[in-house]
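Remember, predicted model here, so these are calculated numbers, not experimental data.
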Amino acid sequence: MGDSNTSVAEPGEATVVSTKTDPKKKPKPKRQPRYHVVLWNDDDHTYDYVILMMHELFGHPIEKGFQIAKTVDSDGRAICLTTTKEHAELKREQIHAYGKDELIARCRGSMSSTIEPEC
């Protein structure tokens, strides 16, 4: 029949196979460079406009939107978000497409926004 040196695993017996992994050889995933979405100040947009835009486009709570509006007013610019380049480009374009501030008659369009690499 069979060779007497051959062994067969009995049902219910577990076969354990171990493999060693060297954590030093495991490649670390590279982090994508981060970019700031920067909102630039002008005199043609109200705090209410900025607060609402930050809430609708970025999901920021009203308090955070107010802080950004205050910062852009006092410093001339404010960072709205820090994210990947592609996401930052999308958010910049959404700011540019947001439209004019209906509360100011002279307002002709959206606010200015740029992206810049995080230092």
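With Y47 as the aromatic partner, K70 does not meet the cation-pi criteria of under 6.0 angstrom to the ring centre and within 45 degrees of the ring axis.
Checking each of K85, H87, E86 against T83 for a side-chain hydrogen bond (donor to acceptor under 3.5 Å, both in side chains) leaves exactly one that passes, namely H87.
Expressed to the nearest 0.5 Å, how far CG of L57 lies from CG of L90 amounts to 9.0 Å. Between atom CE of residue M111 and atom SG of residue C80 there is a gap of 8.5 Å, rounded to the nearest 0.5 Å. In this structure, S113 OG and I95 CD1 are separated by 3.5 Å, a value rounded to the nearest 0.5 Å. A distance of 6.5 Å separates CD1 of I62 from CD1 of I51, quoted to the nearest 0.5 Å.
Here the side chains of S110 and K100 are not in contact, with every heavy-atom distance at 4.5 Å or above. E116 is listed as a side-chain neighbour of R77, based on a closest heavy-atom distance under 4.5 Å.
A side chain to side chain donor-acceptor pair (under 3.5 Å) check over residues 48-67, counting only residues at least two apart or in different chains, returns the pairs E56-Y98.
D101 contributes no side-chain N or O that, together with a main-chain N or O of C107, makes up a donor-acceptor pair within less than 3.5 Å.
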Acceptor/donor pairs from residues 33-43 side chains to any protein atom, 3.5 angstrom cut, sequence neighbours excluded:
from	atom 1	to	atom 2	distance (Å)
R34	NH2	T82	O	3.2
H36	ND1	T82	OG1	2.7
W40	NE1	T114	OG1	2.8
D42	OD1	D44	N	3.1
D42	OD1	H45	N	3.4
D42	OD1	H45	ND1	2.8
D42	OD2	H45	ND1	2.9

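A continuous path of hydrophobic side-chain contacts links L52 to V50 [ILVMFWY only; heavy atoms under 4.5 Å].
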